[in-house]
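Accompanying notes for the structure given below.
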Amino acid sequence: MRRADRLLQIVQALRRHRGPVTAQALADELEVSRRTIYRDMLDLQAGLVPIEGEAGVGYVLRPGYDLPPLMFTVEEVEAIVLGARLARDRGDAGLARAADDVLAKVAAVLPPPLATVMERSALLVPSRTDDEAAFGQHMPVLRRAVRERTKLAIGYANTSGAVTERVVWPLALLFFSNVTLLGSWCELRSAYRFFRTDRITSPWATGQRFDTGNGAMLDALMENDCTQS
């Protein structure tokens, strides 16, 4: 790896982490020695990259630092293609359009060799044909509620078709190959629950916001043995 590429990778690695990253962790990721990382950190700091920390403590990148435009690697192009294709197939119509827009924007700035990699990528996502994989009719409403942390009043049909009315705190959408689930705190059950999006009826935002505890609720949702309601 060229030294310039390694310096950019260090900055990228720091951007992925909220807390301090040790030199050893960076060395393991980049397959170099800690001594090399120490030297690179001094060079980055001398170049006015806002990195705080020191050897033996760890390093953080202060918020607000923007990298100059980067050239994508082949692996990064494939990651973009696969992610967009998954979003196009697993998401609703709005996400599908956004995925196509992302691919078009990226393709427009790629040099010819990488544009060819994108065009000929064999990382495929077969379209789903099973009716059980339906999202239901309300995915834009659900996505917005998750994004804005807004409580939803929903109707929810069980396997026999009986509908119960609930107020939920939408925390996440989980996209599986055969079903999409809304992970929430359910006020009716006073517990975390997963709801199949194709069984949700008439969702509407109550206008009440909720606090996720800086991500603690999402962590609890994923750690608990939650069942579909």
Please indicate whether [X] has more than 12 foreign heavy atoms, meaning atoms of other residues, nucleotides or ligands, lying under 6.0 Å from its [atom1].
| X | atom1 | value |
| --- | --- | --- |
| E29 | CD | yes |
| R120 | CZ | no |
| R34 | CZ | no |

Do [X] and [Y] land in one hydrophobic cluster if side-chain heavy atoms of ILVMFWY residues count as linked below 4.5 Å?
| X | Y | result |
| --- | --- | --- |
| V49 | I10 | yes |
| L124 | V77 | no |
| L221 | V179 | yes |
| Y38 | V21 | yes |
| M222 | L181 | yes |

Okay, side chain of [X], backbone of [Y]: is any donor-acceptor separation there less than 3.5 Å?
| X | Y | value |
| --- | --- | --- |
| T150 | A145 | no |
| Q45 | E52 | no |
| Y156 | R196 | yes |

Take T197 and M139 through the test side chain to side chain contact (heavy atoms under 4.5 Å, CB included) and record every step on the way to the result.
CA-CA 7 Å; T197 58; M139 284 297 290; 4.0 Å; yes
Rounded distance (nearest 0.5 Å) linking atom [atom1] of [X] with atom [atom2] of [Y]:
| X | Y | atom1 | atom2 | value |
| --- | --- | --- | --- | --- |
| L182 | D198 | CG | CG | 12.0 Å |
| L152 | I200 | CG | CD1 | 8.0 Å |
| I37 | Q24 | CD1 | CD | 9.5 Å |
| T206 | W169 | OG1 | CH2 | 10.5 Å |
| T36 | E31 | OG1 | CD | 12.5 Å |
| L14 | L26 | CG | CG | 5.5 Å |

Can you confirm whether [X] sits close enough to [Y] that some side-chain heavy atom of one is under 4.5 Å from a side-chain heavy atom of the other?
| X | Y | answer |
| --- | --- | --- |
| I51 | V60 | no |
| V163 | E165 | yes |
| D92 | P140 | yes |
| L44 | V11 | yes |

Does the pair E148/R209 count as a salt bridge with the N-to-O cut at 4.0 Å?
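Salt bridge flag = no for R209 with E148.
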Before accepting this row, confirm whether a basic side-chain N of the pair E187/R193 lies closer than 4.0 Å to the acidic partner's carboxylate O.
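Salt bridge flag = no for R193 with E187.
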Would you mind writing out the side-chain donor-acceptor pairs for residues 78-88 within the sub-3.5 Å range, not counting sequence neighbours?
unit_1: R85; atom_1: NH1; unit_2: S121; atom_2: O; d: 3.2
unit_1: R85; atom_1: NH1; unit_2: L123; atom_2: O; d: 2.7
unit_1: R88; atom_1: NH1; unit_2: D100; atom_2: OD1; d: 2.7

Which heavy atom of [X] sits nearest to which heavy atom of [Y], and what is that distance?
| X | Y | answer |
| --- | --- | --- |
| D40 | R6 | OD2-NE, 2.5 Å |
| F210 | P170 | CZ-O, 3.1 Å |
| W185 | L171 | N-CD1, 4.1 Å |
| L174 | G183 | CD1-N, 4.1 Å |

Would you please test S184 and Y192 for side chain to side chain contact (heavy atoms under 4.5 Å, CB included) and show each step?
CA-CA 6 Å; S184 304; Y192 294 104; over 6 Å; no
Run the side chain to side chain contact (heavy atoms under 4.5 Å, CB included) test on L95 and R143 for me, step by step, so that the C-alpha distance in whole Å, both residues' side-chain angles and the decisive distance to 0.1 Å come before the verdict.
CA-CA 10 Å; L95 277 182; R143 285 196 291 109; 3.6 Å; yes
Would you list the atom pairs, donor with acceptor, under 3.5 Å between side chains in residues 105-118 and any protein atom, with sequence neighbours excluded?
unit_1: T116; atom_1: OG1; unit_2: P112; atom_2: O; d: 3.0

